2 protein chains.
Amino acid sequence: MSKKLDKRAEVIDLLTVHFLDTGLSDTGLRRLAEVAGTSDRMLLYYFENKDELLAAVLTHIAGGLSASLTQLFGTTPLSPDTVLEKLWVAAKSDAFKSHLRLWLDLAAHANRGDPLFLSIAQQISTGWINWMASLLDVPEANKDATAALILAAVDGQLVLFPGEIARGEYAILQLIALFRGQTKAQAQSGAA
Amino acid sequence: MSKKLDKRAEVIDLLTVHFLDTGLSDTGLRRLAEVAGTSDRMLLYYFENKDELLAAVLTHIAGGLSASLTQLFGTTPLSPDTVLEKLWVAAKSDAFKSHLRLWLDLAAHANRGDPLFLSIAQQISTGWINWMASLLDVPEANKDATAALILAAVDGQLVLFPGEIARGEYAILQLIALFRGQTKAQAQSGAA
DNA sequence: GAGTATTTGTAGCAGGCGCTACAGTAATGC
DNA sequence: GCATTACTGTAGCGCCTGCTACAAATACTC
């Protein structure tokens with residue numbers, strides 16, 4: 001029984017790489033088996049069916065992502081413009097870009113109604129918003145909204161500039177400027 | 001020869017509805033034929049192959065969208081907060097939501113590298129940015145960036161809240177507030 | 001009305017899909 | 001050593017995919 005679970009975990013690791021590389025297309029059982037160095041027959045031995053396999057790999061990826069995000073940003077509160085600036089630098093990196101592309105795939109599937117992907121996508125989204133909200137140094141009432149705005153702005157670039165997210169840079173800079181302008185205005189009204 | 005073209009146009013119209021309803025899944029030739037009231041054999045008579053069919057329908061949809069956008073917004077320049085407010089109201093409507101969901105589908109396919117969808121998605125994106133940039137009453141240097149920011153913010157809600165875009169409302173309101181704050185600050189510095 | 005060009009139906013190919021039945025091997029407990 | 005359990009290969013099911021060969025029907029030209 002333990003060999004099965006070990007193999008299962010190993011397969012999940014191997015498929016994690018593959019999913020980040022190629023997204024949610026190219027997920028035929030025979031293809032996944034090839035990538036994982038096994039057979040389709042075995043995949044359906046380790047996992048109950050294809051859906052369970054997908055769910056396992058995707059939640060594993062989500063876990064890894066939130067871990068690396070926490071590592072990257074720490075836990076001390078930051079201003080919105082700083083968070084966005086840092087997030088944008090990350091978003092342009094290859095490792096992160098893979099996650100974003102996969103997330104977009106997921107959102108697209110979820111949006112077309114697939115219940116499996118819907119629940120996973122929602123789970124990841126709320127996790128991400130909560131994480132960012134807790135990181136933001138803004139009034140409690142604005143935390144969720146600011147977090148959602150920052151995340152949406154970055155994700156939106158992916159939709160707007162398929163395959164070359166970096167081209168959305170000017171929009172991100174614009175939002176950073178808006179955040180800074182707001183901070184300044186608040187400081188002035190506070191000083192008055 | 002003319003009957004063929006007529007039929008082709010009719011098929012495009014029928015499939016437009018279907019694509020807006022169901023996105024880019026459910027696009028098997030036999031299924032599309034059923035929706036269009038014909039046979040798969042005939043679809044491949046009207047269109048060279050499936051790719052050409054998809055391209056034809058998608059560009060037709062894109063054309064219709066930009067027409068209805070122009071109708072909705074007119075051509076007189078508007079401030080960013082007004083544009084975003086109006087766009088958001090539209091985005092929540094059913095008709096528009098269908099377009100957004102389809103666009104998300106398209107972006108996801110494009111992001112995974114499919115050349116067909118990539119070129120169509122890019123074409124639609126730049127068209128949309130250009131249209132909005134020309135509509136914005138902001139300094140020339142900021143037009144594209146502001147347009148991209150507004151569009152990304154709305155699209156981002158679709159990614160962030162799959163299936164229930166309206167839940168991103170607070171983030172949109174936040175951005176509207178930022179735009180208004182900026183306008184006020186500019187007015188003040190202009191008055192000084 | 002004969003002859004040509006356009007339009008359509010029938011049937012099927014080669015390949016992929018998720019999944020399973022069955023049989024065999026290998027390891028484990030007693 | 002024997003029995004039970006865990007593991008894995010082979011083969012194939014039924015269904016779907018985009019697409020095509022072939023032939024029949026229909027429309028159009030002269």
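Computed from a predicted model, the values in this text were never measured in an experiment. The sequence lines fix the lettering, A, B, ..., with proteins before strands; numbering per chain opens at 1. Values below: every heavy atom of this structure, side chains too, minus hydrogens, waters and symmetry copies.
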With the side chain of B:Ser39 defined as its heavy atoms from C-beta on, choose the nearest nucleotide among C:dG9, C:dT6, D:dT20.
-> C:dG9
Nearest whole angstrom, please: distance from the P of C:dG18 to the CD of A:Glu34.
-> 14 Å
Rounding to 0.5 Å, atoms CG (B:Asp26) and CG (B:Asp21) come to a distance of 10.5 Å
Checking B:Lys4 against B:Tyr46: charged group under 6.0 Å from the ring centre and within 45 degrees of the axis?
-> no
So, is A:Tyr45 near the phosphate of D:dC7, with a side-chain N or O under 4.0 Å from OP1 or OP2?
-> yes
Side chain A:Thr59, main chain A:Ala55, donor-acceptor under 3.5 Å | yes
Ignoring the backbone of B:Lys3, work out which of C:dG18, C:dT7, D:dT8 is nearest its side chain.
-> C:dT7
Rounded to whole angstroms, how far apart are CG on A:Leu43 and C1' on D:dG9?
-> 14 Å
Taking atom P of C:dA27 as reference, at what distance in whole Å does atom NZ of A:Lys4 sit?
-> 18 Å
B:Asp6 has an atom CG; how far is it from atom C1' of C:dT6, in whole Å?
-> 14 Å
Would A:Trp88 and A:Gln157 satisfy side chain to side chain donor-acceptor pair (under 3.5 Å), going step by step from the backbone distance to the final call?
-> CA-CA 10 Å; A:Trp88 180 245; A:Gln157 305 311 319; over 6 Å; no
Pick out which of B:Phe117, B:Phe96, B:Trp128 makes a ring pair (Phe, Tyr, Trp, His ring centres under 6.0 Å) with B:Trp103.
-> B:Trp128
Measure from the side-chain N and O atoms of B:His99 to the backbone N and O of B:Ala95, and report whether any donor-acceptor pair falls under 3.5 Å.
-> yes
B:Leu44 CG to D:dC19 C1': how many Å, rounded?
-> 6 Å
CE of B:Met42 versus C1' of D:dT20: gap in Å, rounded?
-> 12 Å
Please give, in whole Å, the distance from D:dC19 C1' to B:Asp51 CG?
-> 13 Å
Tell me what B:Asp40 touches on the nucleic acid: a base, only sugar-phosphate, or nothing, going by heavy atoms under 4.0 Å.
-> base
Nearest of C:dT8, C:dC19, D:dC7 to any side-chain atom of B:Arg41?
-> C:dT8
When all nucleic acid strands are considered with a 4.0 Å heavy-atom cut-off, which category describes B:Tyr46: base, sugar-phosphate, or nothing?
-> sugar-phosphate
Between atom CG in B:Leu29 and atom P in C:dC13, what is the gap in whole Å?
-> 19 Å
Answer with yes or no whether A:Arg30 presents, from its side chain, a donor or acceptor under 3.5 Å of a partner atom in the base of C:dG15.
-> no
B:Ser125 (side chain) donor-acceptor with A:Phe161 (main chain) under 3.5 angstrom = no
Counting only non-hydrogen atoms, which of residues 7-26 of chain A are less than 4.0 Å from DNA chain D?
-> none
